[in-house]
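Order of the sequence lines sets the chain letters (A, B, ...), proteins ahead of strands, with each chain counted from 1. Note that the coordinates shown come from a computational prediction; the quantities given were computed from them, not determined experimentally.
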Protein chains: 2
Amino acid sequence: PQSHHAGTGPQSARRNQPFLTPPEEEEGGGGMGRGKIEIKRIENQSNRQVTFSKRKNGILKKAKEISVLCDAEVGVVVFSSAGKLYDFCSPRTSLSRILEKYQTNSGKILWDEKHKSLSAEIDRIKKENDNMQIELSRHLKGEDMNSLQPKELIMIEEALDNGLTSLHEKQAL
Amino acid sequence: PQSHHAGTGPQSARRNQPFLTPPEEEEGGGGMGRGKIEIKRIENQSNRQVTFSKRKNGILKKAKEISVLCDAEVGVVVFSSAGKLYDFCSPRTSLSRILEKYQTNSGKILWDEKHKSLSAEIDRIKKENDNMQIELSRHLKGEDMNSLQPKELIMIEEALDNGLTSLHEKQAL
DNA sequence: GATACTATCTATAAAGA
DNA sequence: TTCTTTATAGATAGTAT
């Protein structure tokens with residue numbers, strides 16, 4: 001009821017013809033407006049576009065209404081067949097937050113390839129980490145010396161000598 | 001017009017009172033049904049729940065319809081105020097794919113937070129990794145032997161002996 | 001693509017089961 | 001919570017701008 005035009009006078013009274021095609025009964029589906037329509041792809045490109053535009057607005061409006069009326073969190077993303085994007089997200093939140101909640105709640109994972117690769121990298125590094133931990137441990141216990149390279153063994157031999165020296169000094173106390 | 005009940009007879013004819021509360025004009029908003037409602041949070045918990053249930057179904061239906069009629073990709077996620085989840089995704093695709101497209105198309109990053117935390121974890125683990133690498137290296141070079149316990153040194157001495165033996169054998173070839 | 005204008009068809013607020 | 005019924009407010013198909 002927003003008098004957006006503030007009628008100044010009866011300047012426009014007859015635009016449409018009174019619709020003179022009454023008995024055109026086709027298959028009944030679910031629709032609305034002047035004629036019913038079936039819920040199946042609208043083949044006429046032009047009609048499809050117009051219907052999309054109107055219904056898209058309708059959905060976004062409904063989404064906004066339910067979010068306000070019922071204090072619900074709503075996220076809607078729509079792509080026209082031409083690939084144009086439209087979206088809605090309830091106030092006080094963000095699509096990000098809604099989707100994070102979605103994942104927690106549904107158990108489904110939504111994130112993209114980038115995240116998968118990041119997660120994979122984390123797994124890889126963690127494994128590398130574990131291996132290194134094990135290796136370190138084995139070295140500390142002196143196992144697996146056979147797998148060391150000659151150069152390394154010599155370095156260790158020298159180092160060990162120093163270590164033993166200080167060890168013997170300590171034991172002498 | 002799907003005759004889902006196939007009326008067998010006039011078994012129920014009068015259920016409701018003819019609505020005897022005519023002039024209850026409140027503030028006009030936007031609504032529908034027997035009485036108009038404003039688009040503002042419904043305070044009555046019960047009514048809010050009922051309205052949510054009905055409108056939620058309505059939105060999901062509309063989403064399905066537009067996806068079929070207009071060949072559009074639609075994703076809808078709804079959380080009731082109680083936190084229950086409902087969702088819809090057009091056929092032949094997935095929320096994941098729709099959201100990926102959303103990001104590409106809008107330039108908005110939906111996973112910013114997740115992204116940051118994953119990246120942070122990677123940095124943390126890498127650093128841990130580096131530290132371990134350094135420690136391992138120091139052990140290999142025999143530094144820090146002074147901090148080893150006597151028992152460990154003896155074990156290493158023995159192991160080293162084995163290592164040296166096999167080393168000398170290799171060098172003898 | 002979006003809007004305007006209607007006639008129609010839907011969605012749904014209320015209330016009770 | 002879900003369903004039914006009824007009365008209405010909304011949404012929208014068809015058309016023309």
Side-chain angles (χ1 to χ4, degrees), chain A residues 1-2 4-5 7 10-26 28-40 42-66 69-70 78-86, chain B residues 1-2 4-5 7 10-40 42-66 69-70 72 80-82 84 86:
Chain A
Q2 292 154 27
H4 48 71
H5 242 204
Q11 51 190 201
S12 62
R14 69 298 163 265
R15 293 273 173 72
N16 274 14
Q17 292 129 0
F19 192 56
L20 306 174
T21 54
E24 190 179 335
E25 282 191 40
E26 302 189 14
M32 59 175 62
R34 288 217 172 161
K36 300 179 188 179
I37 61 169
E38 291 178 84
I39 301 303
K40 57 175 289 188
I42 297 173
E43 292 304 330
N44 182 289
Q45 160 86 54
S46 179
N47 288 341
R48 196 191 327 139
Q49 163 55 39
V50 173
T51 291
F52 174 79
S53 179
K54 288 194 280 193
R55 281 178 175 258
K56 175 259 298 171
N57 288 335
I59 287 181
L60 297 183
K61 182 180 179 186
K62 289 288 188 184
K64 180 164 194 168
E65 290 183 349
I66 197 176
L69 287 171
C70 309
V78 185
F79 281 95
S80 69
S81 59
K84 190 163 182 183
L85 166 68
Y86 302 87
Chain B
Q2 293 153 25
H4 48 68
H5 243 205
Q11 53 189 202
S12 63
R14 66 319 159 244
R15 291 275 172 71
N16 274 13
Q17 293 131 1
F19 192 54
L20 305 174
T21 55
E24 191 179 331
E25 282 191 42
E26 302 190 11
E27 309 135 75
M32 59 175 65
R34 286 219 172 160
K36 300 178 187 178
I37 61 170
E38 293 177 82
I39 300 302
K40 56 176 288 190
I42 296 173
E43 292 305 330
N44 182 289
Q45 159 86 54
S46 179
N47 288 341
R48 195 190 327 139
Q49 165 55 39
V50 173
T51 291
F52 173 80
S53 180
K54 289 193 284 192
R55 281 177 176 259
K56 176 257 299 169
N57 288 334
I59 288 180
L60 297 183
K61 182 180 178 185
K62 289 289 187 185
K64 180 164 193 166
E65 290 184 349
I66 197 177
L69 287 171
C70 309
S80 70
S81 58
K84 191 164 181 182
Y86 302 87

A.B. asks: Should A:Y86 be listed as having a side-chain N or O under 4.0 Å from OP1 or OP2 of C:dA2?
C.D. replies: yes

A.B. asks: Using atom CG of B:N47 as one end and atom P of D:dT2 as the other, report the distance to the nearest whole Å.
C.D. replies: 15 Å

A.B. asks: Can you measure A:I39 atom CD1 to D:dT12 atom P for me and round it to whole angstrom units?
C.D. replies: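 Checked: the CD1 to P distance equals 11 Å.
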
A.B. asks: Can you tell me how far apart NZ (A:K54) and SG (B:C70) are? Round to the nearest 0.5 Å.
C.D. replies: 10.5 Å

A.B. asks: Between P on C:dA2 and CG on A:L60, what's the gap in Å once rounded to a whole number?
C.D. replies: 11 Å

A.B. asks: Rounded to whole Å, please give me the gap between CD1 in A:I37 and P in D:dT15.
C.D. replies: 13 Å

A.B. asks: Please list, chain by chain and in numerical order, all residues satisfying side chain to side chain contact (heavy atoms under 4.5 Å, CB included) with B:N57, sequence neighbours excluded.
C.D. replies: B:S53

A.B. asks: Under 3.5 Å, is there an N or O donor on one side and an acceptor on the other linking the side chain of B:R34 and the base of D:dT8?
C.D. replies: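 In this structure, the two groups form no donor-acceptor pair.
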
A.B. asks: In whole angstrom, give the distance that lies between atom CD1 of B:I42 and atom C1' of C:dA13.
C.D. replies: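 These atoms are roughly 9 Å apart.
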
A.B. asks: Find the distance B:N57:CG to C:dT10:C1' and express it as a whole number of Å.
C.D. replies: 14 Å

A.B. asks: Under the side chain to side chain contact (heavy atoms under 4.5 Å, CB included) test, which residues partner A:K62, sequence neighbours left out?
C.D. replies: A:E65, B:M32, B:R55, B:I59

A.B. asks: Taking the nucleotide of DNA chain D with the nearest heavy atom to each, does B:S46 or B:K62 sit closer to the 5' end?
C.D. replies: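 Per heavy-atom nearest nucleotide, the more 5' residue is B:S46.
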
A.B. asks: Bend across the helix from C:dA2-D:dT17 to C:dA17-D:dT2, to 10°, with axes taken over 5 pairs at each end?
C.D. replies: 60°

A.B. asks: Using heavy-atom distances to pick each residue's nearest nucleotide on DNA chain D, tell me which of B:K84 and A:I59 is more 5'.
C.D. replies: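 The answer here is B:K84.
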
A.B. asks: Give a yes/no answer on whether the side chain of A:R55 brings an N or O atom under 4.0 Å of OP1 or OP2 in D:dA13.
C.D. replies: yes

A.B. asks: Within a strict 4.5 Å, meaning less than it, do heavy atoms of the B:F52 and B:I42 side chains meet?
C.D. replies: no

A.B. asks: Would you say B:S81 and B:R48 make side-chain contact, with heavy atoms under 4.5 Å?
C.D. replies: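 B:S81 reaches B:R48 side chain to side chain.
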
A.B. asks: Tell me what A:K56 touches on the nucleic acid: a base, only sugar-phosphate, or nothing, going by heavy atoms under 4.0 Å.
C.D. replies: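 Answer is sugar-phosphate: A:K56 comes under 4.0 Å of backbone atoms only.
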
A.B. asks: Distance check needed: D:dA11 P versus B:K36 NZ, whole Å only.
C.D. replies: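 After rounding, the gap between these two atoms is 13 Å.
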
A.B. asks: Which nucleotide in the set C:dA11, D:dG14, D:dA7 lies at the smallest distance from any side-chain heavy atom of A:K54?
C.D. replies: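 My answer, after comparing the listed nucleotides, is D:dG14.
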
A.B. asks: Think B:K61 has a side-chain N or O under 4.0 angstrom from the OP1 or OP2 of C:dT10?
C.D. replies: no

A.B. asks: If you assign each of B:G58 and A:F52 to its closest nucleotide in DNA chain C, which residue comes earlier from the 5' end?
C.D. replies: A:F52

A.B. asks: Grab the CD-P distance between A:Q49 and D:dT12 for me, whole Å please.
C.D. replies: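 For the pair A:Q49 CD and D:dT12 P, the rounded distance is 15 Å.
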
A.B. asks: Is the phosphate of D:dT2, meaning OP1 or OP2, less than 4.0 Å from a side-chain N or O of B:S53?
C.D. replies: yes

